[in-house]
Amino acid sequence: MQDPKEYLNQIRYTNQEIQSRVEERNELRQAVMIKTSSFQTDKVQESGTSNFDDKYMKFIEVSEDINEQVDKIFDLRLRVSNEIDRLEKPEHRIILRMRYINLKTFEEIAVKMNYDIRQVTRLHGNALQEFEKNVLKCPKMSYR
């Protein structure tokens with residue numbers, strides 16, 4: 001059985017991975033653009049065209065991979081959001097959703113909820129316990 005915090009943090013890690021891949025895609029796009037602009041001013045040689053094609057194909061592959069990852073994180077967020085909805089206490093749902101779906105810090109949550117940060121961390125701990133009891137240890141329920 002997975003720890004509730006570890007389970008909910010999947011979104012954060014997947015988001016970071018997507019950000020990393022987006023940066024990679026942007027660097028590849030820049031490399032392709034630089035090569036394209038040099039084609040416009042220089043004579044194109046056969047080897048240059050092949051190098052451009054390789055870079056462009058890599059750019060397309062990375063872009064498709066990023067799109068697949070974005071689809072996965074969307075599905076993961078939807079699934080986790082539905083699981084959070086199964087909690088009884090609204091403040092538990094709010095805290096878990098803000099922390100793990102909206103990726104807010106405890107400080108940001110405290111400000112938005114007008115709570116002391118100690119109260120937010122205490123409620124967070126209680127929410128994780130409720131999540132573990134009602135979601136992770138419970139047989140799969142159908143969603144709304």
Side-chain angles (χ1 to χ4, degrees), residues 1-42 47-144:
M1 161 129 2
Q2 210 172 16
D3 173 76
K5 198 176 204 178
E6 182 181 316
Y7 177 79
L8 292 167
N9 267 322
Q10 295 176 86
I11 294 171
R12 182 178 311 274
Y13 300 136
T14 307
N15 249 1
Q16 290 171 344
E17 187 175 349
I18 288 173
Q19 288 300 323
S20 170
R21 296 305 302 268
V22 167
E23 288 175 22
E24 178 184 356
R25 180 184 66 187
N26 290 341
E27 289 172 9
L28 286 169
R29 177 185 295 147
Q30 183 135 7
V32 169
M33 293 303 183
I34 289 170
K35 193 63 175 174
T36 302
S37 66
S38 71
F39 280 157
Q40 294 171 355
T41 58
D42 297 339
S47 62
T49 304
S50 175
N51 190 18
F52 171 77
D53 291 344
D54 291 344
K55 285 183 179 181
Y56 188 72
M57 289 307 296
K58 178 66 175 167
F59 171 73
I60 289 173
E61 288 172 18
V62 170
S63 294
E64 289 173 353
D65 189 41
I66 290 169
N67 290 340
E68 288 175 20
Q69 289 181 16
V70 169
D71 288 345
K72 286 179 187 176
I73 197 167
F74 179 80
D75 292 343
L76 176 64
R77 280 182 180 213
L78 184 60
R79 185 182 81 226
V80 170
S81 182
N82 286 333
E83 290 170 343
I84 288 172
D85 284 341
R86 291 169 43 190
L87 301 181
E88 292 177 26
K89 296 186 177 184
E91 61 269 8
H92 289 177
R93 291 192 303 267
I94 292 167
I95 287 174
L96 291 186
R97 184 164 282 107
M98 289 176 77
R99 179 74 177 159
Y100 298 103
I101 302 293
N102 302 326
L103 306 174
K104 302 289 183 198
T105 65
F106 287 125
E107 291 82 7
E108 292 171 318
I109 296 169
V111 168
K112 285 195 180 260
M113 294 184 76
N114 201 25
Y115 287 167
D116 183 82
I117 192 157
R118 289 183 305 258
Q119 186 176 10
V120 169
T121 57
R122 181 183 56 76
L123 285 170
H124 175 258
N126 294 341
L128 288 176
Q129 288 175 350
E130 185 184 354
F131 188 83
E132 181 176 30
K133 176 184 167 195
N134 293 343
V135 177
L136 296 181
K137 289 187 176 175
C138 211
K140 296 273 187 217
M141 295 172 52
S142 62
Y143 297 99
R144 297 179 205 162

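- Using modelled atom types, no side-chain atom of Glu132 and backbone atom of Gln129 make a donor-acceptor pair closer than 3.5 Å.
- Glu91 and Tyr115 share no donor-acceptor pair across their side chains, judged by distance under 3.5 Å alone.
- Here Arg77 contributes atom CZ and Asn15 contributes atom CG; the two are 4.5 Å apart, rounded to the nearest 0.5 Å.
- Here Ile95 contributes atom CD1 and Leu128 contributes atom CG; the two are 9.5 Å apart, rounded to the nearest 0.5 Å.
- Without hydrogens or angle criteria, Arg25 side chain to Val62 main chain gives no donor-acceptor distance under 3.5 Å.
- Under 4.0 Å is where a charged nitrogen must lie from a carboxylate oxygen, and between Lys5 and Asp3 no such pair does.
- By the neighbour-count criterion of 12 heavy atoms within 6.0 Å, atom CZ of Phe106 is densely surrounded, having more than that number from other residues, nucleotides or ligands.
- One distance of note links CD1 of Ile117 with CD of Gln119; it measures 11.5 Å at 0.5 Å rounding.
- Taking OH from Tyr100 and NE2 from His124, the interatomic distance works out to 2.5 Å, rounded to the nearest 0.5 Å.
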CA sep, side-chain torsions, deciding dist, call: Glu83, Arg86, salt bridge (charged side-chain N to carboxylate O under 4.0 Å, His left out): CA-CA 5 Å; Glu83 290 170 343; Arg86 291 169 43 190; 5.2 Å; no

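- A pairwise comparison of heavy atoms in Ile11 and Ile73 identifies O-CD1, 3.6 Å as the closest pair.
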Pair Asn82-Arg79, side-chain contact (heavy atoms from CB on, under 4.5 Å): steps then yes or no: CA-CA 5 Å; Asn82 286 333; Arg79 185 182 81 226; 5.8 Å; no

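- Here the shortest heavy-atom pairing between Arg12 and Arg99 reads NH2-O, 3.3 Å.
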side-chain contact (heavy atoms from CB on, under 4.5 Å) between Lys72 and Thr14, worked out: CA-CA 9 Å; Lys72 286 179 187 176; Thr14 307; 5.7 Å; no

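- From Phe131, atom CZ reaches atom CG of Leu8 across 4.5 Å, with rounding to the nearest 0.5 Å.
- Taking CZ of Phe59 as the start and CD of Glu64 as the end, the distance is 10.5 Å to the nearest 0.5 Å.
- With a 6.0 Å radius and a threshold of 12 heavy atoms from other residues, nucleotides or ligands, Glu88 has its CD atom at or below the threshold.
- Around the CG atom of Asp116, the shell of radius 6.0 Å holds more than 12 heavy atoms that belong to other residues, nucleotides or ligands.
- With Asp65 contributing its side chain and Glu61 its backbone, the two residues share no donor-acceptor pair below 3.5 Å.
- The minimum heavy-atom distance linking Ser81 with Arg97 is given by the pair O-NH2, 3.0 Å.
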